[in-house]
Chemist: 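Below: one structure in C-alpha cells.
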Amino acid sequence: MYDLLHRPGEMRERTLEITVPDDMGTDIIAVKAGSTLDVDLRLESLHDGILVSADVSGTASGECVRCLIDIEQPVEVEIQELFAYSHDEAFEYEVQVDTIDLEPVIRDAVVLSLPFQPVCQDDCLGLCPQCGVRLLDNPGHEHEAPVDPRWAALAGLDGLKHEPQEDVADASSGVTEEKR
C-alpha cells in the first residue's frame with residue numbers, strides 16, 4: 001500500500017480471504033464469526049486519497065422469521081469508498097499513516113445488504129398459530145373452527161330436542177296445565 005500513497009494514477013488489485021472476527025448482522029441473520037468473506041479488491045491512488053473498490057461475497061446464516069427453520073443466504077456486495085489522506089468533513093474514512101482499515105466499510109455494507117426479515121422461501125406459510133406445525137410440511141393442516149366464547153355456554157345444549165307441548169290433565173282438580 002505504501003507504493004500507492006500520493007501517486008495519482010497508480011492502481012493495485014488484490015484478492016483477500018477474510019475470516020470474520022465477530023458476527024456481522026443481527027440475531028436473526030448474520031455472517032457468523034469464523035466464516036470467511038472473499039474480497040476482490042482494487043486500490044487506486046488519487047490526488048485526495050485512495051479509492052477502494054471491492055466485491056465482497058460470503059454466506060449468511062440465520063433462521064426464517066415465519067417458520068423458524070435454519071437458512072443460509074448468499075451475500076454479495078459492492079463497495080466503493082474514498083479514504084482521504086487528510087482529515088476532512090467531506091470524507092468519512094481516512095488513510096492512517098500508510099494503512100487503510102477496511103473492516104468498518106465491509107461490515108457496514110454486509111449488514112445493510114442482509115434482509116430485515118429473512119424467509120426460507122418467498123411463499124413460506126409459517127407455523128400454525130394453534131399447534132406450531134410448519135404449514136409447508138403439512139399443506140392440508142386444519143383445526144376445528146374455534147367456538148365463539150359468547151356462545152360457549154350453549155355448547156352443551158346439542159342433546160336437547162324440541163318437544164311439542166302437550167296438555168296434561170290434573171286428575172285431582174280437573175284443571176288442565178301446560179307442560180313445558
Side-chain angles (χ1 to χ4, degrees), residues 1-139 141:
M1 162 84 182
Y2 185 75
D3 57 337
L4 287 176
L5 294 176
H6 301 286
R7 294 187 177 169
E10 291 289 319
M11 180 187 72
R12 300 290 178 266
E13 291 183 346
R14 301 278 188 267
T15 301
L16 305 173
E17 189 172 285
I18 300 171
T19 301
V20 178
D22 298 317
D23 288 356
M24 289 186 182
T26 64
D27 291 336
I28 298 171
I29 189 165
V31 176
K32 301 294 183 188
S35 61
T36 59
L37 290 175
D38 297 317
V39 181
D40 291 327
L41 188 65
R42 181 177 179 168
L43 305 167
E44 298 177 64
S45 180
L46 304 175
H47 178 68
D48 293 339
I50 305 286
L51 179 64
V52 175
S53 302
D55 292 325
V56 180
S57 59
T59 303
S61 56
E63 69 180 20
C64 176
V65 295
R66 293 183 190 161
C67 66
L68 305 177
I69 65 167
D70 292 336
I71 59 172
E72 287 194 350
Q73 184 173 16
V75 174
E76 294 181 8
V77 288
E78 293 180 10
I79 298 170
Q80 190 165 34
E81 193 68 50
L82 180 64
F83 286 78
Y85 288 130
S86 61
H87 181 67
D88 188 354
E89 292 179 12
F91 304 111
E92 188 173 346
Y93 301 102
E94 187 176 347
V95 175
Q96 302 292 329
V97 184
D98 62 347
T99 61
I100 293 175
D101 185 9
L102 292 174
E103 192 268 336
V105 177
I106 292 174
R107 177 177 294 280
D108 290 348
V110 167
V111 170
L112 290 174
S113 74
L114 296 174
F116 182 65
Q117 294 186 334
V119 291
C120 57
Q121 58 190 51
D122 291 337
D123 61 345
C124 178
L125 299 174
L127 301 176
C128 173
Q130 291 181 350
C131 65
V133 170
R134 185 170 183 247
L135 296 175
L136 281 179
D137 294 339
N138 299 304
H141 182 76

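Below, all heavy atoms of this structure are taken into account, side chains as well, without hydrogens, waters or symmetry copies.
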Chemist: Nearest 0.5 Å please: distance from the CZ atom of Arg134 over to the SG atom of Cys128.
Modeler: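 Answer rounded to 0.5 Å: 14.0 Å.
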
Chemist: Any pair with a residue in residues 17-28 that passes side chain to side chain donor-acceptor pair (under 3.5 Å), sequence neighbours left out, goes on the list, sorted by first then second residue, please.
Modeler: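 Sorted result for residues 17-28: empty, none.
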
Chemist: Taking all heavy atoms of Leu37 and all of Gly58, pick out the closest pair and write down the distance.
Modeler: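 Here Leu37 and Gly58 meet closest at CD2-CA, 3.8 Å.
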
Chemist: If the condition is salt bridge (Lys or Arg N to Asp or Glu O under 4.0 Å), which residues does Glu76 pass it with, not counting sequence neighbours?
Modeler: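 If we apply the salt bridge (Lys or Arg N to Asp or Glu O under 4.0 Å) test to Glu76, skipping adjacent residues, there are no hits.
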
Chemist: Work out which heavy atom in Phe83 is nearest to a heavy atom in Asp101; give both atom names and the distance.
Modeler: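 Smallest interatomic distance, heavy atoms only, reads CE2-O, 3.7 Å.
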
Chemist: Could you tell me if the side chain of Ser35 sits less than 4.5 Å from the side chain of Thr59, heavy atoms only?
Modeler: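 No. Closest side-chain heavy atoms not under 4.5 Å.
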
Chemist: Quick one: do Val75 and Met24 satisfy side chain to side chain contact (heavy atoms under 4.5 Å, CB included)? Show the steps, please.
Modeler: CA-CA 11 Å; Val75 174; Met24 289 186 182; over 6 Å; no

Chemist: Any chance you could measure Asp38, atom CG, to Ser57, atom OG, to the nearest 0.5 Å?
Modeler: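 OG of Ser57 is found 4.5 Å from CG of Asp38.
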
Chemist: Quick one: closest heavy-atom pair of Gly25 and Val111, and the distance?
Modeler: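 Looking at all heavy atoms of both residues, the shortest contact is N-CG2, 3.6 Å.
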
Chemist: Between Val105 and Ile100, is there a side-chain heavy-atom distance shorter than 4.5 Å?
Modeler: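 SC-SC contact between Ile100 and Val105 ruled out.
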
Chemist: So do the side chains of Ile50 and Ser45 get within less than 4.5 Å of each other, counting heavy atoms only?
Modeler: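 A side-chain contact exists here, since the closest heavy-atom pair is under 4.5 Å.
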
Chemist: Going by side-chain contact (heavy atoms from CB on, under 4.5 Å), name the residues that satisfy it together with Glu13, two or more places apart in sequence or in a different chain.
Modeler: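 Testing Glu13 for side-chain contact (heavy atoms from CB on, under 4.5 Å), a comparison that skips the adjacent residues, returns Met11, Arg42.
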
Chemist: Rounded to the nearest 0.5 Å, what separates atom CG in Leu136 from atom CG in Leu125?
Modeler: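 Between Leu136 CG and Leu125 CG, I get 4.5 Å after rounding to 0.5 Å.
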
Chemist: What residues, two or more places apart in sequence or in another chain, satisfy side-chain contact (heavy atoms from CB on, under 4.5 Å) together with Val77?
Modeler: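 Checked Val77 against side-chain contact (heavy atoms from CB on, under 4.5 Å); matches are Val56, Ala109, Val110, Ser113.
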
Chemist: For Leu51, which residues count as a side-chain contact (heavy atoms from CB on, under 4.5 Å) partner, sequence neighbours excluded?
Modeler: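 Checked Leu51 against side-chain contact (heavy atoms from CB on, under 4.5 Å); matches are Glu44, Leu46, Ser53, Gln80, Leu82.
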
Chemist: Looking at CD1 of Ile79 and CD1 of Ile106, how far apart are the two atoms once the value is rounded to the nearest 0.5 Å?
Modeler: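 Rounded to the nearest 0.5 Å, the CD1-CD1 separation comes to 5.0 Å.
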
Chemist: Just to verify, what does Asp123 make a side-chain hydrogen bond (donor to acceptor under 3.5 Å, both in side chains) with, not counting sequence neighbours?
Modeler: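 Asp123 satisfies side-chain hydrogen bond (donor to acceptor under 3.5 Å, both in side chains) with Gln121 once adjacent residues are dropped.
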
Chemist: From Ile69 CD1 over to Asp137 CG, what is the distance, rounded to the nearest 0.5 angstrom?
Modeler: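 Going from CD1 on Ile69 over to CG on Asp137, the span is 7.5 Å.
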
Chemist: Roughly how far, to the nearest 0.5 Å, is SG of Cys67 from CG of Leu127?
Modeler: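 It comes to 6.5 Å.
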
Chemist: Is Arg66 reaching over with its side chain to a backbone N or O of Asp122, donor-acceptor style, under 3.5 angstrom?
Modeler: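 Yes, Arg66 side chain to Asp122 backbone: donor-acceptor pair under 3.5 Å.
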
Chemist: Which heavy atom of Ile29 sits nearest a heavy atom of Pro115, and at what distance?
Modeler: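 Smallest interatomic distance, heavy atoms only, reads CG2-O, 3.8 Å.
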
